[in-house]
Amino acid sequence: MRLVVAEKPSVARDLANALGRHRRGKGSLAGEGWTVTWAIGHLAELAPPDAYGEEYKKWRLETLPILPEKFKVRVNAKTREQFGVVKGLMRSPEITEVVNACDAGREGELIFSYLYELSGCKKPVRRLWVSSLTPEAIREGFASLRDGTAMKPLEDSARSRAEADWIVGMNATRVYSTKFGRPGNVLSVGRVQTPTLKLLVDREREIENFEPEKFWTVYARFAREEGGEARTYDGVWFKNKQNRLKEKEAAEKIAEKVRGGTGVVQKAEKKTATQKPPLLYDLTELQRNANAKFGFTAERTLRAAQALYEEKKLITYPRTSSRYVSKDMVGGLKKRVEAADALSDLAPFAAELLALPKLPITKRIVDDAKVTDHHAILPTNKKPSGPLPPDEAKVYDLVARRFLAVFFPAARFENTSVVTAVRGETFLSRGRVVLEAGWRRLYPDGVGGKKEKEPPVLPPVSVGQEWDVSKVAVREGETKPPPRYTESALLGAMETAGRFVEDEELRQAMKESGLGTPATRAATIERLIKVGYLVRERKALVPTEKGRALIDLLSESPLASPELTARWEERLAHMEGGAENRARFMTDISSFATRLVKEVRAKEGEKVVAKRTDGSGSGASGAPLEASCPKCGSPVVETKK
């Protein structure tokens, strides 16, 4: 008999429904010759430091670094009952083969490998690898199961990432907390969250240190009457590609000079430009668009996308970093267009595509070389059966709209550039005419949700024409500091963190990884907020005093640089491909943690005191009070609640 292990109960039900008739058992679903059971996310996890000895129960400098020779995995107390079911089935003499049907990726591989190890199972393993939970996709997946031994490099990568994060996170957090924190004030440190925090702290300091400078610009309106019709266009003064003047007097002098004059057109150029449709969604781009358009947090978008994937079966696996599909999917794309037809806003566009003899497939859509474990996020061929919850409806619309848009032609524009000279001064005017809206017809309000400001349409202008200066104005402006990070901007910065890396070779390698993965970035942001390093102020993410103090402490540490995670992700990717040795990687991680502890021990400095949060965004949670718990003696900590 075959045992199928899913990651969640909802997925287990989908698998069982696709496999055939079945009956419900305790923590499982049984059919003819097969049984499906499930984890509930992480049924098992790496044990905490005190599992390796009593001396690690208290946080003391002298017990660091903590470097387990062999990592212990323990069952999560909240889900012990379901683990007992899985273990019993794995060890049952009736089971001859186990299918790992956890999510197809590094995390799913880790969840299964912990369960398999703790159950003491030795039975052969097959791997189900699907990106969609429709019955057809599931049946196709079972028809082409992978050999479990072929997944060993992915398992090695998953275990190594988890253990490396444990070693660095536990040791860094303990050493900085005991050396620089006060009792009850934990300074959480991690190889992804800390460089992410540094991005925000650096930006906040840029804003604080920014000194605004005033400038002035000169505008002129040109008028001319042709055939009894008055025509006008506006231009801005420029010289040597600069259109700002540092002195008001200079601007007013130019304005006075050209006032009432006649402008002569020196240059009038028209160029046709095209704008290709955007690429399909990966998770990060979906989260960024949902944040810009709806104000969703990254976690909220992921939650809605996961529900659309697991429960509604309306989109494919969302935790992907690819924005392309593979050639073998081309034949099924038309059915997905038919499914998107169910949305009233999109029905006319779907009908246009369905009327074509075949869908226009380009390299911007189909590229096997750019599809990793999973393809881009697509709608499935299942139509929504009724109204969706608001968040899910919005995310589904984003996915379906983007999917249709990629098949539409590029938008075409005619850009006009005019230079007009008046008494030795020059003015630049720009205009645009939309020749063909193309894919932009699907985005009347712009891709980001805000109507993009189009350049004006200029009247017919030709070189040598004379136009009267009908109006002149001087406007005062002020340079602005860089904006605070919104969640959308931070996700983009995390994805392209390689641009903050100095090493050219490493920067190229980091193009494929960035800080964290699409699946973990939302959790990283939420973690930074939870531990009191960040607060949300409307759409902006703002570092607290506690967060800034930590970055001050780690300013020269590799933990604050994206280079550390870049090197990790590069090596983990090589490990997945079988080109990196797990033992060597873990030895290097242990050496790094040992050096880190030694360097922090040798540091001198005042203890970091977290200030109380006052709700303004400048405080931090976790301010210790001069009191102890009467039951256990632990320090009492006051948070913003």
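These values consider heavy atoms only, across backbone and side chains, with no hydrogens, waters or symmetry-generated copies. Positions are given from 1, in the same order as the sequence printed here.
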If you round to the nearest 0.5 Å, how far is [atom2] of [Y] from [atom1] of [X]?
X: Arg74; Y: Asn76; atom1: CZ; atom2: CG; result: 7.5 Å
X: Glu206; Y: Asp202; atom1: CD; atom2: CG; result: 7.0 Å
X: Glu204; Y: Asn209; atom1: CD; atom2: CG; result: 10.5 Å
X: Arg174; Y: Met170; atom1: CZ; atom2: CE; result: 7.0 Å
X: Leu110; Y: Asp103; atom1: CG; atom2: CG; result: 12.5 Å
X: Thr520; Y: Arg106; atom1: OG1; atom2: CZ; result: 9.0 Å

Quickly, which of Val366, Asp328, Val325, Thr320 forms a side chain to side chain contact (heavy atoms under 4.5 Å, CB included) with His375? Name it, please.
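Considering Val366, Asp328, Val325, Thr320, a side chain to side chain contact (heavy atoms under 4.5 Å, CB included) with His375 is found only for Val325.
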Salt-bridge present ([X], [Y]; N to O < 4.0 Å):
X: Glu310; Y: Lys8; result: yes
X: Glu155; Y: Arg159; result: yes
X: Glu54; Y: Lys57; result: yes
X: Arg567; Y: Glu563; result: yes
X: Arg323; Y: Asp367; result: no
X: Glu163; Y: Arg582; result: yes
X: Lys152; Y: Asp156; result: yes
X: Arg60; Y: Glu55; result: no
X: Arg161; Y: Glu569; result: no
X: Arg595; Y: Glu599; result: no
X: Glu487; Y: Arg536; result: yes

Does the side chain of [X] reach to within under 4.5 Å of the side chain of [Y], using non-hydrogen atoms?
X: Arg127; Y: Glu109; answer: yes
X: Leu200; Y: Arg484; answer: no
X: Thr544; Y: Leu534; answer: no
X: Arg402; Y: Asn289; answer: yes
X: Asn100; Y: Tyr116; answer: no
X: Leu378; Y: Ile315; answer: no
X: Phe294; Y: Asp391; answer: no
X: Leu280; Y: Glu285; answer: no

Run the side-chain contact (heavy atoms from CB on, under 4.5 Å) test on Leu61 and Val175 for me, step by step, so that the C-alpha distance in whole Å, both residues' side-chain angles and the decisive distance to 0.1 Å come before the verdict.
CA-CA 6 Å; Leu61 274 175; Val175 75; 3.6 Å; yes
Using a 6.0 Å distance limit plus a 45 degree cone around the ring axis, check whether Arg571 lies over the aromatic ring of Phe585.
no
Taking the side chain from [X] and the backbone from [Y], do they hold a donor-acceptor pair closer than 3.5 Å?
X: Arg601; Y: Leu64; result: yes
X: Thr486; Y: Ala489; result: yes
X: Arg521; Y: Leu515; result: yes
X: Ser322; Y: Lys370; result: yes
X: Thr194; Y: Ala560; result: no
X: Ser177; Y: Leu187; result: yes
X: Arg319; Y: Pro518; result: no
X: Ser157; Y: Glu576; result: no
X: Thr63; Y: Trp59; result: no
X: Trp166; Y: Ala47; result: yes

Applying side-chain contact (heavy atoms from CB on, under 4.5 Å), run through Val125 and Phe112 and close with a yes or a no.
CA-CA 10 Å; Val125 175; Phe112 177 82; 3.8 Å; yes
Any side-chain donor paired with an acceptor under 3.5 Å for [X] and [Y]?
X: Tyr324; Y: Asp368; answer: no
X: Thr284; Y: Asp282; answer: no
X: Ser188; Y: Arg527; answer: yes
X: Asn291; Y: Arg300; answer: no

Heavy-atom pair with the smallest gap, counting every atom of [X] and [Y]:
X: Ile167; Y: Phe71; value: CG1-CZ, 3.6 Å
X: Leu283; Y: Leu302; value: CD2-CD1, 3.9 Å
X: Ile207; Y: Pro483; value: CD1-C, 4.1 Å
X: Val73; Y: Glu117; value: CG2-OE2, 4.0 Å
X: Thr565; Y: Gly516; value: OG1-N, 4.5 Å
X: Leu559; Y: Arg191; value: CD2-CA, 4.2 Å

Quick one: do Leu564 and Phe592 satisfy side-chain contact (heavy atoms from CB on, under 4.5 Å)? Show the steps, please.
CA-CA 10 Å; Leu564 177 69; Phe592 171 78; 4.1 Å; yes
Please step through side-chain contact (heavy atoms from CB on, under 4.5 Å) for the pair Thr196 and Leu490, ending with a clear verdict.
CA-CA 8 Å; Thr196 301; Leu490 182 59; 4.1 Å; yes
Would the number of heavy atoms belonging to other residues, nucleotides or ligands and lying under 6.0 Å from CD of Glu213 be above 12?
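Counting neighbours around CD of Glu213, 12 or fewer heavy atoms of other residues, nucleotides or ligands fall under 6.0 Å, so no.
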Validation row, ring centre Tyr52 to ring centre Tyr56 under 6.0 Å:
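Ring-ring flag for Tyr52/Tyr56: false, centres at least 6.0 Å apart.
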